[in-house]
There are 2 protein chains.
Amino acid sequence: MRSAISCTLVPVCGLVTDIGRPRLVDGSSAGCACPSSQRRACDPAADPATDESSGYNGRVATPVVDLNALRRGCAHCSLQQLCLPAGIGVEGLQQLDSIVRRRRPIARGESLFRMGDRLEAVYVARDGAFKTVSISENGEERVVGFHLPGELIGLDALGADIHRCDAVALTVANVCEVPFDQLADIAAQVPGLQHRLLRVIGRSVGRDQDHLDMLARRQASERIALFLHGMSERFRHIGQPDSQFRLPMSREDIARFLGLALETVSRGFTRLQDDGVIAVDGRRVAILDRAELDRLAHHPELPEPRNRLHG
Amino acid sequence: MRSAISCTLVPVCGLVTDIGRPRLVDGSSAGCACPSSQRRACDPAADPATDESSGYNGRVATPVVDLNALRRGCAHCSLQQLCLPAGIGVEGLQQLDSIVRRRRPIARGESLFRMGDRLEAVYVARDGAFKTVSISENGEERVVGFHLPGELIGLDALGADIHRCDAVALTVANVCEVPFDQLADIAAQVPGLQHRLLRVIGRSVGRDQDHLDMLARRQASERIALFLHGMSERFRHIGQPDSQFRLPMSREDIARFLGLALETVSRGFTRLQDDGVIAVDGRRVAILDRAELDRLAHHPELPEPRNRLHG
DNA sequence: CGTAAGTTTGACCGGTGTCAACGGTCGTGG
DNA sequence: CCACGACCGTTGACACCGGTCAAACTTACG
């Protein structure tokens with residue numbers, strides 16, 4: 001039964017892949033889930049020596065064109081279409097690229113920023129996943145959101161210049177760090193970028209509203225179905241298989257995201273499995289009956305067709 | 001009896017009313033909750049004739065300086081410090097002012113935009129209150145947010161250029177309508193405005209996160225306490241009394257905002273009243289014990305001090 | 001004055017939080 | 001190699017909060 005879900009994620013390649021057409025650039029790209037362009041562009045860890053020598057951020061000091069630096073740049077990033085660069089010209093791309101810092105891999109559990117920090121930069125994961133959490137006065141952790149590659153992290157500080165959450169890596173991850181002041185400056189100069197920035201912010205607002213929608217659903221089963229539905233959509237959006245994937249977060253994180261007890265989440269998963277809607281093995285999830293999943297997420301009032309496989 | 005609450009919602013003064021002491025409306029600005037500047041700047045309805053003659057939006061066609069138009073302008077609006085104009089120079093202010101349209105009063109129940117509409121403008125209420133609601137597939141209404149004066153409405157469309165919600169007036173209201181494309185253009189030119197726009201958006205994001213926080217709280221009593229706490233803060237923020245106010249929304253709206261049944265909201269209110277924390281009369285609320293309200297909102301785990309007044 | 005809408009209150013029971021125990025996986029170290 | 005413990009996920013039992021249905025009451029408004 002276990003073998004049904006063999007999809008494991010290679011940690012390094014993380015969540016990202018190329019969307020649509022894998023571009024061959026370098027002979028051998030075939031075997032890995034990550035397209036070669038990704039490997040080249042987004043994985044500083046692949047060539048640690050070079051990275052070390054060029055300093056903390058990914059840019060080289062020399063005016064000489066560094067092939068590796070170029071390859072790591074926005075122009076070649078597989079996330080380009082999902083990220084800030086989308087739709088801005090070469091000029092703007094260069095300007096943007098010049099301020100982007102590419103940080104060495106973030107360890108699982110490490111924080112990009114913490115509650116109370118001043119807003120210095122916004123972040124985009126190239127691969128890996130993050131959660132943003134806010135700790136309430138009584139010490140309870142509340143998951144505000146999950147962030148997959150291409151989704152901006154750090155916008156919570158936009159209102160008051162102070163971060164309202166911690167941003168914690170759920171897996172090892174590589175991120176681009178974009179100093180916010182400089183981003184705002186460039187956005188004013190490059191009209192397309194301003195528009196793009198607003199759009200990315202807007203998508204983030206949209207996700208928050210989806211989250212609200214989820215929490216307002218009264219039944220636990222609805223929230224869980226909606227959560228899986230949303231994750232599937234987001235995986236598809238970044239070019240990952242949307243029918244079987246590995247959730248980067250624990251049951252507890254999901255519970256704190258959905259406002260439920262973790263036992264309830266666990267029970268919800270098994271229930272969906274019993275009903276033949278999904279297959280679950282720990283964090284690995286396969287969606288078997290998408291239509292039914294959508295129905296549960298959106299039209300829960302209808303009595304479910306009772307053809308349980310084993311009851 | 002009508003006269004007792006006449007400052008009330010007279011459309012103009014918006015949300016606010018007082019609970020305790022009846023105020024005379026006429027003559028004495030001293031007594032009214034609305035600051036005089038507000039009355040001057042924000043009340044097109046006060047002089048309907050002039051308003052009609054100057055056309056649909058508040059601007060006059062003639063180059064001659066129209067005192068009324070000026071008074072209605074951003075420069076004199078009492079909301080200035082809360083709204084987009086804050087912190088931008090005279091130049092920018094004029095540019096911004098030139099694109100702002102001031103719409104005639106919106107009737108209660110009327111919509112600024114509907115789900116599926118293209119993003120054309122963002123709105124700011126000068127007075128009155130709005131809710132944004134999203135209708136789910138099964139026809140259920142879900143309250144995404146409430147909007148008091150100075151809070152931008154319409155940002156939900158930022159992500160996809162399509163509105164995700166309806167924006168419905170809870171009371172008669174006056175709004176400024178800001179064509180979004182032009183706003184973005186000007187924002188690129190006026191650096192202060194771009195910053196300001198991002199900040200206003202950020203505050204909106206912050207409110208969404210507060211909302212999330214509310215929904216994630218498990219106990220109904222916590223959500224209700226948090227809701228009242230937040231409303232009180234927001235009233236204070238716009239210069240209204242924060243210890244007694246009139247809620248612009250129904251119990252049902254609150255319930256749909258908090259993800260509860262309306263009966264539960266009602267029971268929660270009476271419970272708070274029984275405990276001496278607030279006084280409730282329909283939509284009129286007075287906060288009697290703020291410390292206790294805050295405690296309930298933030299530290300619900302502690303057993304409440306049981307010195308009930310009656311019970 | 002009559003109708004509709006909004007609010008409150010009561011009774012009932014189902015869903016879900018809580019507590020508890022068990023099992024599986026992974027990493028560490030003997 | 002296995003032993004061990006930490007962490008994570010699953011499952012069961014049970015009590016209680018809150019959703020649902022129902023009815024009375026007040027307020028708003030024509």
Side-chain angles (χ1 to χ4, degrees), chain A residues 1-2 5 8 11 107-109 140-141 170-172 215-225 246-256 258-274 278-285 296 300-301 303-304 310-311, chain B residues 1-2 4-6 8-10 17 19 107-109 131 140-141 143 170-172 214-225 246-256 258-274 278-285 296 300-301 304 311:
Chain A
M1 200 51 203
R2 173 67 61 71
I5 318 177
T8 54
R108 172 181 165 152
E140 282 180 13
E141 183 175 312
L170 291 168
T171 64
V172 283
L215 288 176
R217 307 250 166 187
R218 306 221 181 84
Q219 306 294 341
S221 55
E222 298 176 52
R223 301 190 200 183
I224 294 169
R246 186 177 200 278
L247 296 172
M249 72 293 282
S250 69
R251 293 286 187 274
E252 184 166 20
D253 285 335
I254 299 174
R256 288 182 170 156
L258 294 179
L260 299 170
L262 88 169
E263 294 93 332
T264 306
V265 174
S266 183
R267 274 187 256 265
F269 275 42
T270 32
R271 176 70 199 281
L272 285 173
Q273 179 164 246
D274 289 348
I278 61 173
V280 187
D281 173 27
R283 300 194 177 181
R284 268 167 275 182
V285 174
L296 289 171
E301 74 286 1
E304 70 192 288
H310 38 299
Chain B
M1 199 49 222
R2 190 60 165 294
I5 320 186
S6 48
T8 33
L9 296 209
V10 189
T17 123
I19 293 192
R108 172 180 165 154
K131 64 175 176 181
E140 283 180 12
E141 182 175 313
V143 176
L170 291 168
T171 64
V172 282
M214 228 175 293
L215 289 176
R217 306 250 167 186
R218 306 221 182 84
Q219 307 294 342
S221 54
E222 298 176 52
R223 301 189 200 183
I224 293 168
R246 187 177 200 279
L247 296 172
M249 71 293 281
S250 70
R251 294 285 187 273
E252 184 165 21
D253 285 335
I254 299 174
R256 288 183 169 154
L258 294 179
L260 298 170
L262 89 171
E263 294 93 331
T264 306
V265 174
S266 183
R267 274 188 258 266
F269 275 41
T270 31
R271 176 70 200 282
L272 285 173
Q273 179 164 246
D274 288 348
I278 61 173
V280 186
D281 173 25
R283 298 194 178 182
R284 267 167 277 184
V285 174
L296 289 171
E301 74 285 3
E304 70 190 290

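Order of the sequence lines sets the chain letters (A, B, ...), proteins ahead of strands, with each chain counted from 1.
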Atom pair distance, as rounded to whole Å: [atom1] in [X] and [atom2] in [N]:
X: I278(A); N: dT10(D); atom1: CD1; atom2: P; result: 10 Å
X: R246(A); N: dG9(D); atom1: CZ; atom2: P; result: 9 Å
X: I254(B); N: dG19(D); atom1: CD1; atom2: P; result: 14 Å
X: L262(B); N: dG6(C); atom1: CG; atom2: P; result: 10 Å
X: R217(B); N: dG17(C); atom1: CZ; atom2: P; result: 16 Å
X: E263(B); N: dG18(D); atom1: CD; atom2: C1'; result: 10 Å
X: M249(B); N: dT7(C); atom1: CE; atom2: C1'; result: 16 Å
X: L258(A); N: dG17(C); atom1: CG; atom2: C1'; result: 15 Å

Do D253(A) and L247(A) touch side chain to side chain, with heavy atoms closer than 4.5 Å?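 Sidechains of L247(A) and D253(A): no contact.
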Atom CZ of R283(A) and atom CG of L170(A): how far apart are they, to the nearest 0.5 Å?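 Rounded to the nearest 0.5 Å, the CZ-CG separation comes out at 8.0 Å.
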Categorize S250(B) for me: base, sugar-phosphate, or nothing, with a 4.0 angstrom heavy-atom threshold over every strand shown.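 Counting heavy atoms under 4.0 Å across all strands, the contact made by S250(B) is with sugar-phosphate only.
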With a non-hydrogen cut-off below 4.0 angstrom, is L260(B) in contact with a base, only sugar-phosphate, or nothing? sugar-phosphate
Could you pick out which residue, S266(B) or V265(A), lies toward the 5' side of DNA chain C when each is mapped onto its nearest nucleotide? S266(B)
Does a side-chain N-to-carboxylate-O contact under 4.0 Å join R256(A) and E252(A)?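 Here R256(A) pairs with E252(A) in a salt bridge, since their nearest N and O are under 4.0 Å apart.
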[X], nearest nucleotide to its side chain (from [options]):
X: A261(B); options: dG9(D), dT20(D), dG17(C); answer: dT20(D)
X: R108(B); options: dG19(D), dT7(C), dG6(C); answer: dG6(C)
X: T270(A); options: dT11(D), dT7(C), dG17(C); answer: dT11(D)

Any chance you could lay out the side-chain contact (heavy atoms from CB on, under 4.5 Å) test for L258(B) and T264(B), step after step, and finish with the verdict? CA-CA 10 Å; L258(B) 294 179; T264(B) 306; over 6 Å; no
Tell me if the side-chain of E252(A) makes a donor-acceptor pair with the base of dC7(D), cut-off 3.5 Å, by modelled atom types. no
Hey, is the side chain of [X] poking within less than 4.0 Å of OP1 or OP2 on [N], counting only N and O atoms?
X: T264(A); N: dT16(C); result: no
X: R267(B); N: dC17(D); result: no
X: Q219(A); N: dT16(C); result: yes
X: R283(A); N: dC8(D); result: no

Would the number of heavy atoms belonging to other residues, nucleotides or ligands and lying under 6.0 Å from CZ of R108(B) be above 12? no
